[in-house]
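Encoded as structure tokens, the structure appears first; notes follow it.
Chain letters run A, B, ... following the sequence lines, proteins first, then strands; residues in each count from 1.
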Amino acid sequence: MNQQKFYITTPIYYVNGAPHLGHAYTSVAADVLARFKRLDGFDVFFLTGTDEHGQKVEAAARAAGIDPQSFTDKVSADFQDMARRMNISNDDFIRTTEARHKASAQAIWLKLQENGAIYLGAYEGWYAVRDEAFYDEEELTTGPDGTKRAPSGAPVEWVIEPSYFFKLSAFQDRLLAYYEANPDFIAPQAKRNEILSFVRGGLKDLSISRTSFSWGIPVPGDEKHVMYVWLDALVNYITAAGYPDLNGPRGGYWPASLHLVGKEIIRFHAVYWPAFLMGAGLALPEKVFSHGWWTVEGEKMSKSTGNFIDVRPLVEEFGLDTVRFFLLREVPFGNDGDFSRKALISRTNAELANGIGNLAQRTLSFIAKNAGGVVPPKGTLHEADHVLLELAAELPEKVRGAMSRLAFHEALDETWKLIRAADGYIDHQAPWALRKSDIARMNTVLFVLAAVLRTVALLLQPFMPGSMAKLLDQLGVAADARQFTALDTALAEGTPLPAPAGLFPRFVEAEAK
RNA sequence: GGCGGCGUAGCUCAGUGGUAGAGCAGGGGAAUCAUAAUCCCUUGGUCGGAGGUUCAAAUCCUUCCGCCGCUACCA
């Protein structure tokens with residue numbers, strides 16, 4: 001069987017700081033999509049990793065008093081720990097300091113050179129030796145003695161340094177034609193508009209080598225230069241597919257189906273990266289999706305306030321699936337949102353504890369006590385049963401549609417409509433009354449509820465893998481019957497069920513003293 | 001300045017020409033299987049302001065006000 005391939009990536013995270021909520025968000029979103037596609041029968045390759053070169057990393061290592069490689073080893077390990085603790089199902093974790101990546105980046109450089117997309121020129125600008133940085137004319141101030149100074153106060157001088165350039169300007173028309181021919185390449189729409197406007201405004205050639213520091217991949221044939229970090233970094237996506245040998249076991253995954261990125265790096269992925277690929281004669285990714293940023297308790301996360309939050313303590317306190325759910329439920333993907341303790345508690349109590357948790361508990365404990373602890377026999381279906389089952393039968397396509405647009409919150413919203421409908425159904429059918437009057441009818445009602453719960457649990461697996469595995473266990477669904485194809489088969493009557501146990505405890509905030 | 005987005009119930013948002021919607025929060029009632037969870041009913045908006053097109057506008061046009069994003073070579 002030739003499965004359809006789905007290759008999804010997170011950005012590789014820059015190791016000059018520790019992992020925080022923003023990184024976790026991208027990874028969880030990518031993970032949910034990867035899991036969804038696997039359950040839906042795709043051959044998925046899911047990549048994440050760390051971006052480890054560049055001046056900032058070199059400086060951060062120096063500040064920490066260790067060599068850059070030891071420094072990046074440490075920070076990269078922390079990102080890998082976060083991925084593990086968030087239950088991220090990546091198939092590979094790439095580091096740009098790995099030999100396979102150096103080989104790939106140098107190979108693509110040579111290809112670009114061979115294709116005439118690279119030339120040696122000079123980068124000119126106002127440079128502050130003290131800051132080791134270039135500044136724009138507008139950023140400069142004039143000191144009391146009439147000399148130009150950087151915003152930091154450091155003196156600047158006009159520096160001309162040799163640099164290799166990528167002929168980005170030559171790709172403007174081809175990029176615009178590509179955006180035109182592939183209207184969904186950049187999403188959401190507002191970001192596409194920004195990129196279109198940027199590219200239409202004219203592209204300048206891009207300086208793609210540096211001589212002012214050495215922590216990077218050497219330029220082949222001119223080792224005084226290291227490669228510009230973004231060229232180095234972006235290439236990771238194709239390195240993982242085996243480049244320069246795309247005939248290997250993973251070559252079939254290229255081009256990537258989806259690059260998930262934060263909105264601050266959309267340009268690199270939607271302009272530079274496709275241009276590099278065009279220059280190297282390689283296929284372009286199908287889609288780049290830019291998601292929004294989180295504020296925390298209404299405050300922007302920033303270096304100056306130091307209010308970056310690590311999700312790991314939150315996972316300890318609230319549970320992993322609760323945090324995963326909240327991240328994708330609270331805010332439409334693509335929008336900015338606010339992460340507040342109050343919202344996390346009220347959202348998860350209302351929808352997890354009181355919603356699916358309570359529905360599962362009331363159904364399963366009723367079955368355990370009154371239906372012999374097996375999936376009850378289905379009798380004749382009434383109108384109300386058909387209505388609810390029909391709603392459940394329509395859910396997979398609704399969720400699939402939402403997921404294809406990366407509308408996670410919409411997929412969850414549709415699922416919760418069914419959960420609320422099931423709560424209404426159980427109240428109206430009142431199996432606790434049927435227990436005394438009509439056992440066959442009671443069993444039918446319980447069967448319908450169990451069937452609906454199975455549909456919900458199967459579809460929610462990507463979002464909350466641990467909790468939904470528990471729920472499926474409690475519904476007696478075999479481990480090999482949890483792919484989405486199982487949605488087409490009926491729940492087996494008479495299957496013995498284990499004792500039910502709570503899924504999502506209600507969170508009660510400890511009284512402040 | 002240029003380009004783009006947004007402004008709809010207390011909150012978060014859906015709704016792109018045909019009698020204003022959802023969830024949460026608020027109010028009233030019911031039920032008791034369940035994690036005191038659930039169900040039913042309900043309060044609440046001159047859809048940022050003004051003008052225009054149309055038989056009909058939250059939805060199209062003009063203008064004004066407010067908020068936000070992009071406007072490249074640190075990543």
For [X] and [N], give me the distance from atom [atom1] to atom [atom2], rounded to whole Å.
X	N	atom1	atom2	result
A:F198	B:C70	CZ	P	12 Å
A:E124	B:C73	CD	P	15 Å
A:R435	B:A34	CZ	C1'	13 Å
A:K417	B:G21	NZ	C1'	11 Å
A:Q189	B:C6	CD	P	11 Å
A:E58	B:C74	CD	P	15 Å

When you check the side-chain N and O atoms of [X] and [Y], is any donor under 3.5 Å from an acceptor?
X	Y	answer
A:R200	A:Q172	no
A:D310	A:H20	no
A:H101	A:T96	no
A:H53	A:Y228	no
A:H259	A:T9	yes

Numerically ordered, the residues 362-371 of chain A set in heavy-atom contact under 4.0 Å with RNA chain B is A:R362, A:S365, A:F366, A:K369
Which of residues 261-280 of chain A have a heavy atom under 4.0 Å from RNA chain B?
-> A:R267, A:F268, A:Y272
In whole Å, measure the gap between the [atom1] atoms of [N] and [M] for me.
N	M	atom1	answer
B:G51	B:C65	C1'	15 Å
B:G26	B:C3	P	46 Å
B:A25	B:G66	P	36 Å
B:G5	B:U16	P	16 Å
B:U53	B:C61	C1'	7 Å
B:G15	B:C47	C1'	10 Å
B:U19	B:U62	P	26 Å
B:C39	B:G23	P	10 Å

Under 4.0 Å, counting only non-hydrogen atoms across every strand here, what does [X] touch: a base, just sugar-phosphate, or nothing?
X	result
A:W416	nothing
A:Y228	sugar-phosphate
A:L203	base
A:G424	sugar-phosphate
A:R192	nothing
A:A350	nothing
A:L503	base

Provide a list of protein-nucleic acid N or O atom pairs under 3.5 angstrom, restricted to nucleotides 28-32 of chain B.
none

Whichever of A:G202 and A:D413 has its nearest RNA chain B nucleotide further upstream toward 5' = A:D413
Throw together a table of side-chain donor-acceptor distances under 3.5 angstrom for residues 182-192 of chain A, partners on residues two or more places apart or in other chains.
from: A:N182; atom 1: ND2; to: A:Y178; atom 2: O; distance (Å): 3.0
from: A:R192; atom 1: NH1; to: A:Y179; atom 2: O; distance (Å): 3.0

Nearest to the [X] side chain among [options], which nucleotide is it?
X	options	value
A:D51	B:C33, B:A75, B:U35	B:A75
A:H428	B:U35, B:C40, B:C73	B:C40
A:R420	B:C73, B:G23, B:U35	B:G23

With side chains defined as the heavy atoms from C-beta onward, is the minimum distance between [X] and [Y] less than 4.5 Å?
X	Y	answer
A:L234	A:H269	yes
A:P274	A:F171	no
A:L503	A:K470	yes

Find every protein N or O atom lying less than 3.5 Å from an N or O atom of nucleotides 7-15 of chain B, and list the pairs.
none

Whether A:F289 and A:F333 hold their rings parallel, tilted or perpendicular, with breakpoints at 30° and 60° | parallel
Parallel, tilted or perpendicular for A:W273 and A:F276, by the 30°/60° rule?
-> perpendicular
In a table with atom names and distances, give each donor-acceptor pair under 3.5 Å that connects a side chain of residues 401-408 of chain A to protein atoms at least two apart or in another chain.
from: A:S404; atom 1: OG; to: A:G401; atom 2: O; distance (Å): 2.7
from: A:R405; atom 1: NH1; to: A:G401; atom 2: O; distance (Å): 3.2
from: A:R405; atom 1: NH2; to: A:E410; atom 2: OE1; distance (Å): 2.9
from: A:R405; atom 1: NH2; to: A:E410; atom 2: OE2; distance (Å): 2.5

Sequence neighbours left out, what pairs pass salt bridge (charged side-chain N to carboxylate O under 4.0 Å, His left out) with at least one residue falling in residues 342-371 of chain A?
-> A:R329-A:E351, A:E330-A:R347, A:R347-A:E351, A:R362-A:D423, A:R362-A:D427
Are any of the side-chain nitrogens in A:K102 or A:E98 under 4.0 Å away from the carboxylate oxygens of its partner?
-> no
Residues which pass salt bridge (Lys or Arg N to Asp or Glu O under 4.0 Å) with A:E390, listed by chain and number, not counting sequence neighbours | none
Could you tell me which residues satisfy salt bridge (Lys or Arg N to Asp or Glu O under 4.0 Å) with A:K263, sequence neighbours excluded, listed by chain and number?
-> A:D336
Under a 3.5 Å cut-off on both pairing distances, which runs of 3 or more consecutive Watson-Crick or G-U pairs involve RNA chain B?
-> B:1-7 with B:65-71, B:10-13 with B:21-24, B:26-30 with B:38-42, B:48-52 with B:60-64
Name the atoms and distances for all side-chain donor-acceptor pairs under 3.5 Å in residues 68-79 of chain A, with sequence neighbours left out.
from: A:Q69; atom 1: NE2; to: A:D73; atom 2: OD1; distance (Å): 3.0
from: A:S70; atom 1: OG; to: A:D67; atom 2: OD1; distance (Å): 2.5
from: A:S70; atom 1: OG; to: A:D67; atom 2: OD2; distance (Å): 3.2
from: A:T72; atom 1: OG1; to: A:E52; atom 2: OE1; distance (Å): 3.2
from: A:T72; atom 1: OG1; to: A:P68; atom 2: O; distance (Å): 3.3
from: A:T72; atom 1: OG1; to: A:Q69; atom 2: O; distance (Å): 3.0
from: A:D73; atom 1: OD1; to: A:R95; atom 2: NH1; distance (Å): 3.3
from: A:D73; atom 1: OD1; to: A:R95; atom 2: NH2; distance (Å): 2.7
from: A:S76; atom 1: OG; to: A:T50; atom 2: OG1; distance (Å): 2.9
from: A:S76; atom 1: OG; to: A:E52; atom 2: OE2; distance (Å): 3.4
from: A:S76; atom 1: OG; to: A:Q80; atom 2: NE2; distance (Å): 3.2
from: A:S76; atom 1: OG; to: A:R95; atom 2: NE; distance (Å): 3.3
from: A:D78; atom 1: OD1; to: A:R312; atom 2: NH1; distance (Å): 3.0
from: A:D78; atom 1: OD1; to: A:R312; atom 2: NH2; distance (Å): 3.4
from: A:D78; atom 1: OD2; to: A:R312; atom 2: NH2; distance (Å): 3.4

Reckon A:R506 has a side-chain N or O less than 4.0 Å from the OP1 or OP2 of B:A36?
-> no
Contacts of A:T26 that satisfy side chain to side chain contact (heavy atoms under 4.5 Å, CB included) - sequence neighbours left out | A:T10, A:P11, A:Y13, A:L260, A:H291
Does the separation of the ring centres of A:W293 and A:Y25 fall below 6.0 angstrom?
-> no
